[in-house]
Amino acid sequence: MRERPHGADLLAIARETLRRDVLPLVPDESRYTALMIANAMAIAARDAELGERAARDALQRLATLLGPTRAEDLRSLNKELIRRIRTGVFRPGTPEHAAIGRHLWECALQQVRVSNPKYLERLGLK
Amino acid sequence: MGLSRTPELARLETFLGKAAETKVTVTDFQPLPGGAVQENWRLDADFAGGAFAGRQELVLRTDAPAPIPSSHDRAKEFRIIQAVHARGIKAPEALWLCTDQSVLEKTFFIMRRLPGIAAGHRVVKDDTLGGGHDTLAEELAVELARIHALDPRSLGLDFLAEPRPSPALAAARDFRAYLDVHPDPRPVLEWGIAWLEREAPPKGSVVLCHRDFRTGNYLAGKDGLVAILDWEFANLGDPDSDIGWICARCWRFGAVEKVAGGIASREAFVRAYERASGRKVDRARIDYYEVMAHARWAIIALQQGQRHVSGREPSLELALTAHVVPELELEILRLTQEGA
């Protein structure tokens, strides 16, 4: 059993404390560094919460899209996808091309949810 | 704050003294803010006599410990800045280059410090800077047109290389070459690069391009543009790629509706450029180079992140730079409508 609170939870409260109690006391020349630390903690917390799920989803979609292949983990599936992109097997205008496009859009979206969700808000995406 | 009299400082004074043929005393030497790695130092020095007699306000610019492969080293950047400054381009005046590693253990050059604000987030927020954003954008467009009008062969910069078979295809090839050595697969970028190859515009004129012409890389003074900074990427290329670069979302510093560097609409900037250059700009080529700008910055951000990830140069700022790649990838898919 892992002790509660778990990693994401700890990061969240640590970050809140940093922003609330420490940031106001930080001299101007270190403020940017303190904000970077808070940002890195926020990314780490979102990664702990969403990262694995995103990778699992990507693996599932990719396994279906690529059909039978020797690749099994996400890394080898991505390498296989890249191999096919480079050989030009996906022709614009075909359903395969559109399906890969949708998959990649979903991948990018899930990664931005971890790295910078505010970016999505500004675009009116979630 | 007192300046600590280190042996390094003494060697720097000796170097400056030899260069200016007089006795030199450094009175201030500290890192300038901005940049993942301190490359620029504020340097004030008293020159006892000679052509530089008196207090001089200078900038010392050093090589980065782990440079980006597509950038020039300091020695070449020094030559570029001198060459364009001599042609009347608004660039800093570069005074002395030091390749002797016994001085600061890395190559550096000295230039005159100029007034003005470079920080992107300040430039886009303050509409009084540069004589107001409209004036600033106009002056930037004029300066870009002047850079593009230089005859690159007359500059004596023999290391500039013409991208072949065309600037667009050479860039796509270089991006892919980097992804070949990057440890993690990046399918979205590969998808974007395939698009860049399919849609590559016909080769147009090839001119001297700044290749990092954007908000954050120029000094905005009270009344107008003071100087274009950071010439380390300058090379031969498609002039439209410089226009696409300043229009990339990452250089708007939050002022997203002002496409050209967060200070003007794209159309206003392009029209000012057209008036200054006398060249009609094909908007479709700018669309294309905007996509390329995001791909190029994504590749550079990956390289920056890798400096940290590889363990060569642990740095929070470099680590966070890697985390801008996803939004750049999303932007590539959005602009090309290759996603959703």
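Here is the naming used below: chain letters follow the sequence lines, and residue numbers restart at 1 for every chain.
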**Student:** Quick check on B:Arg249 against chain A: is it the side chain, the backbone, both or neither that has a heavy atom closer than 4.5 Å?
**Tutor:**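 The side chain, not the backbone.
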**Student:** Sequence neighbours left out, what pairs pass salt bridge (Lys or Arg N to Asp or Glu O under 4.0 Å) with at least one residue falling in residues 61-80 of chain A?
**Tutor:**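 Checked against salt bridge (Lys or Arg N to Asp or Glu O under 4.0 Å) - neighbours excluded - the pairs reaching residues 61-80 of chain A are A:Arg75-B:Asp184, A:Glu80-A:Arg83, A:Glu80-A:Arg84.
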**Student:** Of all of B:Glu331, B:Glu327, B:Arg186, which one pairs up most often with chain A through heavy atoms under 4.5 Å apart?
**Tutor:**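 Highest number of pairs under 4.5 Å: B:Glu327.
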**Student:** Is the number of heavy atoms from other residues, nucleotides or ligands under 6.0 Å of B:Arg173 CZ greater than 12?
**Tutor:**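 It does: B:Arg173 CZ has more than 12 such atoms within range.
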**Student:** Looking only at heavy atoms and a cut-off of under 4.5 Å, which of B:Leu179, B:Ile332, B:Asp180, B:Ile193 has the most pairs with chain A?
**Tutor:**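 Of the candidates given, the most pairs with chain A belong to B:Asp180.
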**Student:** Which atoms of B:Leu320 come close to chain A, meaning under 4.5 Å heavy atom to heavy atom: side chain ones, backbone ones, both, or neither?
**Tutor:**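 Just the side chain, heavy atoms under 4.5 Å.
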**Student:** Within a 6.0 Å radius of atom CZ on A:Arg31, are there more than 12 heavy atoms belonging to other residues, nucleotides or ligands?
**Tutor:**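 Result for CZ/A:Arg31: open.
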**Student:** Name the option with the most non-hydrogen atom pairs under 4.5 Å to chain B; the candidates are A:Val112, A:Leu104, A:Ile37.
**Tutor:**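 Among the listed options, the one with the most contacts to chain B is A:Leu104.
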**Student:** Mark yes when over 12 heavy atoms from residues, nucleotides or ligands other than B:Arg5 sit less than 6.0 Å from its CZ; otherwise mark no.
**Tutor:**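 Yes, the 6.0 Å shell around CZ holds more than 12 heavy atoms from other groups.
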**Student:** Could you grab the distance from atom CD of B:Glu57 to atom CG of B:Asp28, nearest 0.5 Å is fine?
**Tutor:**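 CG of B:Asp28 is found 9.5 Å from CD of B:Glu57.
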**Student:** Side chain, backbone, both or neither: which part of A:His97 has an atom under 4.5 Å from a heavy atom of chain B?
**Tutor:**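 Both parts, backbone and side chain.
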**Student:** Identify which part of A:Leu123 has an atom lying under 4.5 Å from any heavy atom of chain B, answering side chain, backbone, both or neither.
**Tutor:**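 Just the side chain, heavy atoms under 4.5 Å.
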**Student:** How many angstroms lie between NE2 in B:His294 and CG in B:Leu333, if you round to the nearest 0.5 Å?
**Tutor:**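 Reported to 0.5 Å precision, the distance equals 11.5 Å.
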**Student:** What part of A:Leu81 gets closer than 4.5 Å to chain B, counting heavy atoms only: side chain, backbone, both or neither?
**Tutor:**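 Side chain only.
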